[in-house]
Structure formats: C-alpha cells, structure tokens
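Sequential numbering from 1 along the given sequence is applied to the chain's residues. Computed from heavy atoms alone, side chains included, the values below leave out hydrogens, waters and symmetry copies.
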Amino acid sequence: MSEALKARALAEWPTLALLVVCYGGWMAGTTWFAALWLPLGIVVTAICIALHSSLCHEALHGHPFRNDRLNEALVLPALALLVPYRRFRDTHLAHHHDEHLTDPYDDPESNYMDPAVWQTLPGWARAVLAFNNTLVGRLLVGPVVGQVAFMRDDWRAIRAGVPGVLAAWLWHLPAVGLVVWWIASVSIMPVWAYLLATYAGLSILKIRTFLEHRAHEKARGRTVIIEDRGPLALIFLNNNLHVVHHMHPKVPWYRLPALYAAHRSHYLGRNDGYLYRSYGEIFRKHLLRAKDPVPHPLWRKE
C-alpha cells in the first residue's frame with residue numbers, strides 16, 4: 001500500500017464528514033425542522049436515525065479510524081434507543097461468518113426459521129411472521145418483530161451468563177441517556193413524535209435487510225447485489241452492494257461502488273446472479289408478495 005493510501009486509511013474524511021451531517025441533521029430535525037412543521041421534523045429525524053445505524057455499521061468494521069474505541073465513541077449516542085452498539089457489533093460480526101449465512105441458529109441476522117420450530121408456533125404467530133416476510137409487513141411490523149426477537153435472545157443470554165451481553169446493555173444506558181437528555185432539555189419534538197421517528201428509521205433499515213440473503217446451497221450464493229445509486233443507497237452507505245461488503249468488510253462505504261464497477265462480472269458470478277437493479281424493482285416485486293417462506297426451504301436437521 002502506498003504512503004498516500006495509508007494516510008487516507010488513517011483519516012477517512014468522507015465518513016467523518018457524514019457523521020457531522022448525520023448529527024447535525026438529527027439535531028435540526030428535532031428542533032428547527034420540528035418547529036417549522038412537525039411531520040417534516042419526524043421525517044428528517046427518521047432518516048438521520050437510519051443513517052446513524054449505517055454509520056454504526058461502518059464503525060464496527062473499523063471506520064473511520066483504526067482505533068475501535070474511538071470509532072465506538074463517535075457513534076455513542078443511541079439515536080435508535082433500543083439497540084446497544086456492542087450487541088450490534090458482536091452479533092453482526094458473528095453474522096459475517098459466511099458459512100453460517102441464513103442458518104436459523106448460527107446466523108444472528110437470519111430471518112429464516114427451523115421448519116420443526118415453525119410447526120410448533122400458534123396460528124397468530126405464523127400469520128405475523130408470514131406478513132413480516134412481505135416488504136410492506138417488514139416496514140409495518142418488522143421493527144417490532146426484530147426487536148422482540150433480539151431482546152428475547154439477549155435476555156436468555158444474560159440468564160445463561162454469556163460473557164459481555166449484560167455489560168453491553170449496561171454500557172447502553174449512558175448512550176440512551178444522552179438522547180433522553182436532548183429530547184427532554186433541547187428538542188421541541190414531543191416524545192411520541194421522536195418514538196415515531198425512531199420506528200420510521202428502523203423501518204427504513206428493514207428495506208435494506210429485507211432480502212440481503214437468500215437460502216442457497218452454496219454460501220457464496222446467499223448474498224445479494226442491488227444496483228441502486230439513489231437516496232436509499234446513500235442512507236445504507238452502499239451496503240446494497242452486499243456481496244462486495246461481505247467479501248471486503250474492511251473497505252469503507254465510499255469505495256464499494258468503484259470496486260463493484262471494476263469487477264461486476266466477478267461479483268455476480270460469485271453470488272450466482274443474485275441481483276436486483278434497484279429498490280424500485282424490489283418494491284414492485286415484493287411489496288405484497290413474500291420472496292421466501294419463513295421456514296428455511298433448504299434446512300436439513302443435522
């Protein structure tokens with residue numbers, strides 16, 4: 001690596017600049033935009049919450065600095081309230097074991113379920129999860145379904161004494177406290193409006209995660225490419241080029257498009273052609289129709 005490239009790697013200014021924009025937009029959304037017109041304030045705040053989650057994703061992969069503690073400090077305020085950064089970090093890095101992608105047990109971000117477990121669920125739970133497997137369902141109930149599952153699993157881990165889980169939630173308290181202080185002392189946005197913005201921000205993120213991975217016999221064929229360059233791609237920090245990110249998790253967000261463009265055929269060969277041209281195509285195809293069943297279609301009991 002050249003000295004110039006090393007210098008750029010030590011100070012990733014696009015990420016730092018976006019952090020400033022994100023926090024500035026969030027503060028403006030909860031104050032100035034909310035005063036101008038509350039619905040506009042909610043929308044701006046929701047977008048910034050979604051963007052902050054994407055920046056947390058960058059931080060846990062080692063950006064914008066090489067120092068993990070410094071990266072964590074940059075994304076400390078828990079804008080989304082209920083997702084501890086350290087739990088997001090640990091579960092997401094576990095998700096990056098590509099051989100386990102979509103595994104109902106070993107992939108913490110899998111939306112698939114063991115068919116045997118599926119058969120034991122009551123009818124109402126199956127209905128909710130089936131609705132959650134449509135894009136409209138993921139937008140409307142996805143944040144609740146995901147948060148309940150996440151907190152249920154962490155509660156079980158805490159009771160089982162899994163190292164680091166309780167500590168991550170305790171460390172989350174001051175991160176939430178910063179946001180609560182802002183909303184109570186500075187923001188003019190009502191609490192209900194901030195909670196709505198938070199839910200909307202999490203819903204936006206569900207667009208990204210909706211079909212990032214599919215059931216496929218080969219691990220390399222499970223990760224999607226969405227060739228979108230619009231506002232959602234920016235909010236997601238080009239994570240729509242998902243197979244590129246999985247193959248190069250240390251590459252910063254702003255270099256992914258050029259990397260993909262230079263080796264497009266390689267990546268599409270790698271993921272066996274799992275491709276969408278845009279998020280518009282995804283909305284057209286899957287707004288009301290599930291892409292996959294909830295029970296893993298290729299699951300075989302060991």
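- Under the 3.5 Å distance criterion, with hydrogens and angles disregarded, a donor-acceptor pair is assigned to the side chains of H246 and D98.
- Of the possible donor and acceptor atoms, one in the side chain of R289 sits under 3.5 Å from a partner among the backbone N and O of K285.
- Proximity of a side-chain donor or acceptor of R220 to a complementary backbone N or O of E99 within less than 3.5 Å is not detected.
- Between the side chains of H52 and H57, not a single donor N or O lies within less than 3.5 Å of an accepting N or O.
- The side-chain heavy atoms of R208 and L232, taken from C-beta on, include no pair separated by under 4.5 Å.
- No donor-acceptor contact under 3.5 angstrom links the side chains of N238 and Y254, judged on distance only.
- Rounded to the nearest 0.5 angstrom, S110 OG and D103 CG are separated by 7.0 Å.
- Here the closest non-hydrogen pair linking C22 and C48 is SG-O, 3.3 Å.
- Residues V43 and W37 are not in side-chain contact: their nearest non-hydrogen atoms beyond the backbone lie 4.5 Å or more apart.
- Crowding of W182 atom CH2: a count of heavy atoms from other residues, nucleotides or ligands under 6.0 Å exceeding 12.
- Classification of R214 and D292 as a salt-bridged pair fails, no side-chain N sitting under 4.0 Å from a carboxylate O.
- When all heavy atoms of A200 and A46 are compared, the pair lying nearest together is CB-CB, 3.7 Å.
- Side-chain contact between W171 and R86 is present, with heavy atoms from C-beta onward closer than 4.5 Å.
- Between R222 and E212 no salt bridge is recorded (no basic side-chain N to carboxylate O distance below 4.0 Å).
- Ring centroids of F236 and Y279 are separated by less than 6.0 Å, placing the two rings close together.
- Residues F210 and T134 come closest through the heavy atom pair CE1-C, 3.6 Å.
- The CG atom of L195 sits 6.5 Å away from the CG atom of L81 when rounded to the nearest 0.5 Å.
- In summary, of the residues considered (D107, T223, N111), a side chain to side chain donor-acceptor pair (under 3.5 Å) with H213 occurs for T223 alone.
- If you take CZ on F283 and CG on L139, they are separated by 5.5 Å, rounding to the nearest 0.5 Å.
- Between the side chain of H92 and the backbone N or O of R89 there is no donor-acceptor pair closer than 3.5 Å.
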Run W26 and I47 through side-chain contact (heavy atoms from CB on, under 4.5 Å) and show every step you take. CA-CA 8 Å; W26 178 78; I47 291 171; over 6 Å; no
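- With rounding to the nearest 0.5 angstrom, the CD1 atom of I42 is 15.0 Å from the OH atom of Y199.
- For S54 against I235, the heavy-atom pair with the smallest separation is OG-O, 2.6 Å.
- At least one side-chain heavy atom of T120 sits less than 4.5 Å from a side-chain heavy atom of V117.
- Not one N or O on the side chain of S53 forms a donor-acceptor pair closer than 3.5 Å with the backbone of A50.
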Quick one: do N133 and R138 satisfy side chain to side chain donor-acceptor pair (under 3.5 Å)? Show the steps, please. CA-CA 6 Å; N133 255 24; R138 198 65 60 92; 3.0 Å; yes
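- A distance of 5.0 Å separates CE of M113 from CG of L121, quoted to the nearest 0.5 Å.
- Under a 3.5 Å cut-off, the side chain of E72 and the backbone N or O of A59 do not form any donor-acceptor pair.
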Go through V165 and V162 one step at a time and tell me if the side-chain contact (heavy atoms from CB on, under 4.5 Å) criterion holds. CA-CA 6 Å; V165 181; V162 176; 3.8 Å; yes
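- F33 pairs by the ring pair (Phe, Tyr, Trp, His ring centres under 6.0 Å) definition with nothing, not counting sequence neighbours.
- By the 6.0 Å contact criterion, CZ on R152 is enclosed, its count of non-hydrogen atoms from other residues, nucleotides or ligands being greater than 12.
- In this view, Y112 and H296 satisfy the ring pair (Phe, Tyr, Trp, His ring centres under 6.0 Å) rule, not counting sequence neighbours.
- With hydrogens and angles left out, the side-chain atoms of W253 and N239 include no donor and acceptor closer than 3.5 Å.
- Between V136 and F131 the shortest side-chain heavy-atom distance falls below 4.5 Å.
- Not a single donor-acceptor pair under 3.5 Å links the side chain of N271 to the backbone N or O of V243.
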Between W169 and I158, does a side-chain contact (heavy atoms from CB on, under 4.5 Å) hold up when you go through it step by step? CA-CA 10 Å; W169 278 95; I158 290 169; 4.2 Å; yes
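- A heavy-atom distance below 4.5 Å is found between the side chains of L38 and M189.
- Annotation: cation-pi pair R126/W118 present, NZ/CZ under 6.0 Å from the ring centroid and within 45° of its normal.
- Remark: the H248 side chain and the Y260 side chain contain no N/O donor-acceptor pair separated by less than 3.5 Å.
- Remark: the backbone N or O of H100 is not paired with any side-chain donor or acceptor of D106 at under 3.5 angstrom.
- When every heavy atom of T45 is checked against every heavy atom of G29, the shortest pair comes out as OG1-C, 3.3 Å.
- Each of H96, H63, H95 was evaluated against H245; a single residue qualifies, H96, per the ring pair (Phe, Tyr, Trp, His ring centres under 6.0 Å) test.
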Test I207 against I282 for side-chain contact (heavy atoms from CB on, under 4.5 Å), laying out the working first. CA-CA 9 Å; I207 301 171; I282 294 169; 6.0 Å; no
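- In this structure the side chain of S278 never reaches within 4.5 angstrom of the side chain of E227, judged on heavy atoms.
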